[in-house]
Amino acid sequence: MELTVIILTHNEELRIRDCIKSAMPLDAQILVLDEHSTDATCSIARSLGARVIDVPADVKGFGHKRRFAVSKANTDLVLHLDSDERITKELVDELKDLTGKLSENTVIEIPRLTYLFGTPIRHCGWYPDFKRRLYDRRHTDFDEKLVHEDVPLPDDTKVIRLKNPLLHYSYPNLESFWRKQAVYAALWGENRARAGRTTSLAMIPLRSLFCFIRTYVFRKGFLDGRAGLWLSIANMGYEAAKYLSLYQCSKDSGTKSKDPD
């Protein structure tokens, strides 16, 4: 299939090689959108045959970056990867089986298995974690959210869910977990505030407590053992950080409307 694999990067010299190599069996074009890396990310990507372009100064947020990268692809069919994700041989085979079978209005959802400090998380709401990653840009594209961006589905969309997962090595250690969660929480709050949302400080502890119960009990985090308990507690903190960010951003912007969630 004529396909472009799009990867967003920023100082990913430790992970970009494995990411690109995992995608190479697809025989696709590799497009890396790099946000001013100061390490060897770009040189490594180029050495593996990837085309590397820089993020323009006026392109902000993950959704906007993905849309910009799509506009620079040489094919209409695009597959998005994160630098901390890997395509397994089984997933490659499953994707290749789709060759010639995809219509323009088809969107492919791929399950993603995330590893927390080397442990795969199969509950807690983290698996199968289907992501819309493969589609024809003539039919749809990512929205422009700052974080937690997604691919909207027009009314005539045909969705195919694959069986084999992307492997997501997002959190190799505690530092990486808190660093990424802090960035996501800040962007989430800013994105909600831009949409005119707000919240109250009094509701934040209740939201956080419910988040723990939802992750550990309703989403069966207890089945992931100690890792599930750790993640459930951490999710509680992330929920508080998200809404504290929203509270501060909406206060700074003078937003008056109420958050309905």
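Here the structure is a predicted model, which means the values were calculated and not measured.
- By the 4.0 Å N-to-carboxylate-O rule, Glu109 lies close enough to Arg161 to be salt-bridged with it.
- Between the CZ atom of Arg192 and the SG atom of Cys249 there is a distance of 12.5 Å, given to the nearest 0.5 Å.
- Ser22 places a side-chain N or O within 3.5 Å of a backbone atom of Ile87 that can act as its donor or acceptor partner.
- Checking side-chain atoms of Asp224 against main-chain N and O of Ile121 turns up no donor-acceptor pair under 3.5 Å.
- In this structure, Lys145 does not pair ionically with Glu190, as no charged nitrogen and carboxylate oxygen lie closer than 4.0 Å.
- Side-chain atoms of Thr4 do not come within 3.5 Å of backbone N or O of Val78 as any donor-acceptor pair.
- In this structure, Trp188 CH2 and Lys242 NZ are separated by 5.0 Å, a value rounded to the nearest 0.5 Å.
- Between the CZ atom in Arg219 and the CH2 atom in Trp126 there is a gap of 12.0 Å [rounded to 0.5 Å].
- Cys19 is listed as a side-chain neighbour of Ile7, based on a closest heavy-atom distance under 4.5 Å.
- If you chain together hydrophobic residues whose side chains sit under 4.5 Å apart, Phe218 and Phe222 fall into the same group.
- Considering only heavy atoms from C-beta on, Thr198 stays 4.5 Å or farther from Leu246 through its side chain.
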query = What's the verdict on side chain to side chain contact (heavy atoms under 4.5 Å, CB included) for Leu134 and Val107, showing C-alpha distance, side-chain angles and the deciding distance?
reply = CA-CA 6 Å; Leu134 177 60; Val107 172; over 6 Å; no
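- The neighbour count for Glu2 CD, taken as heavy atoms of other residues, nucleotides or ligands under 6.0 Å away, does not exceed 12.
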request  = Would you check, one step at a time, whether the test side chain to side chain contact (heavy atoms under 4.5 Å, CB included) holds for Leu174 with Phe117?
outcome  = CA-CA 8 Å; Leu174 182 60; Phe117 312 152; 4.2 Å; yes
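- Minimum interatomic distance between Ser43 and Ala40 (heavy atoms only, all atoms of both residues): OG-O, 3.0 Å.
- Glu35 and Lys65 are joined by a salt bridge, as a carboxylate oxygen and a charged side-chain nitrogen come within less than 4.0 angstrom of each other.
- You'll find the side chain of Leu113 stays beyond 4.5 Å of the side chain of Leu166, heavy atoms only.
- More than 12 heavy atoms of other residues, nucleotides or ligands lie within 6.0 Å of CZ in Arg132, so this atom counts as buried by the packing criterion.
- A heavy-atom distance below 4.5 Å is found between the side chains of Val159 and Leu153.
- Residues that satisfy the side-chain hydrogen bond (donor to acceptor under 3.5 Å, both in side chains) test with His139, not counting sequence neighbours, are Thr157.
- Taken together through direct or relayed side-chain contacts under 4.5 Å among Ile, Leu, Val, Met, Phe, Trp and Tyr, Leu223 and Tyr216 form part of one hydrophobic cluster.
- Side-chain atoms of Ser71 come within 3.5 Å of backbone atoms of Phe68 as a donor-acceptor pair (strictly under, hydrogens ignored).
- For Asp27 against Lys96, the heavy-atom pair with the smallest separation is OD2-NZ, 3.9 Å.
- Between atom CG of residue Leu91 and atom CG of residue Leu162 there is a gap of 6.5 Å, rounded to the nearest 0.5 Å.
- For Tyr247 against Thr199, the heavy-atom pair with the smallest separation is CD1-O, 3.4 Å.
- Interatomic distance, Lys21 NZ to Ile44 CD1, rounded to the nearest 0.5 Å: 10.0 Å.
- Residues Val147 and Leu33 share a single hydrophobic cluster, defined by chaining ILVMFWY side chains whose heavy atoms lie under 4.5 Å apart.
- No donor-acceptor pair under 3.5 Å is formed between the side chain of Lys220 and the backbone N or O of Arg122.
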request  = Dump the intermediate steps for ring pair (Phe, Tyr, Trp, His ring centres under 6.0 Å) on Tyr184 and His148, then the final yes or no.
outcome  = CA-CA 8 Å; Tyr184 282 7; His148 301 315; 5.7 Å; yes
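- Between the side chains of Glu239 and Asn235, no donor-acceptor pair of N or O atoms lies under 3.5 Å.
- Between the side chain of Ser37 and the main chain of Asp39, no donor-acceptor pair closer than 3.5 Å is present.
- Residues Val92 and Leu167 do not share a hydrophobic cluster, defined by chaining ILVMFWY side chains whose heavy atoms lie under 4.5 Å apart.
- Using a cut-off of 4.0 Å between Lys/Arg side-chain N and Asp/Glu carboxylate O, Asp82 and Lys131 are scored as not salt-bridged.
- A single hydrophobic cluster is not seen to contain both Leu231 and Leu229; linkage of ILVMFWY side chains at heavy-atom distances under 4.5 Å, directly or through other members, places them apart.
- The cationic atom of Lys180 (NZ for Lys, CZ for Arg) lies less than 6.0 Å from the six-membered ring centre of Tyr171 and within 45° of the ring axis.
- Remark: the backbone N or O of Asp156 is paired with a side-chain donor or acceptor of Asn105 at under 3.5 angstrom.
- Checking side-chain atoms of Thr9 against main-chain N and O of Glu12 turns up no donor-acceptor pair under 3.5 Å.
- Atoms CG and CG, on Leu102 and Leu95 in that order, are 9.0 Å from each other to the nearest 0.5 Å.
- When the options Thr41, Leu8, Ile16 are evaluated for a side-chain contact (heavy atoms from CB on, under 4.5 Å) with Asp34, the one that passes is Thr41.
- At least one side-chain heavy atom of Arg51 sits less than 4.5 Å from a side-chain heavy atom of Asn74.
- Applying the side chain to side chain contact (heavy atoms under 4.5 Å, CB included) test to Ala234 and every residue at least two apart in sequence or in another chain returns Phe177, Trp178, Trp230.
- At least one side-chain heavy atom of Leu31 sits under 4.5 Å from a side-chain heavy atom of Ile53.
- Counted within 6.0 Å of NZ on Lys158, heavy atoms from surrounding residues, nucleotides or ligands total 12 or fewer; the atom is thus considered open.
- When the options Arg15, Arg133, His80 are evaluated for a side chain to side chain donor-acceptor pair (under 3.5 Å) with Glu85, the one that passes is Arg133.
- Considering only heavy atoms from C-beta on, Leu79 stays 4.5 Å or farther from Ile6 through its side chain.
- Minimum heavy-atom separation, Cys124 to Gly221: SG-CA, 3.4 Å.
- In this structure, Ile204 and Leu244 have side chains that are in contact, with non-hydrogen atoms separated by less than 4.5 Å.
- Taking the ring centre of Phe130 as origin, the terminal cationic atom of Arg112 falls outside the region bounded by 6.0 Å and 45° from the ring axis.
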task = I would like to know whether Glu144 and Arg67 meet salt bridge (charged side-chain N to carboxylate O under 4.0 Å, His left out); could you show each step before the answer?
result = CA-CA 8 Å; Glu144 292 193 355; Arg67 290 175 65 91; 3.3 Å; yes
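- Of all heavy-atom pairs between Ile30 and Ile20, the closest is CG2-CG1, 4.3 Å.
- Heavy-atom minimum distance, Pro152 versus Asp141: CD-O, 3.0 Å.
- Checking side-chain atoms of Ser250 against main-chain N and O of Ala193 turns up no donor-acceptor pair under 3.5 Å.
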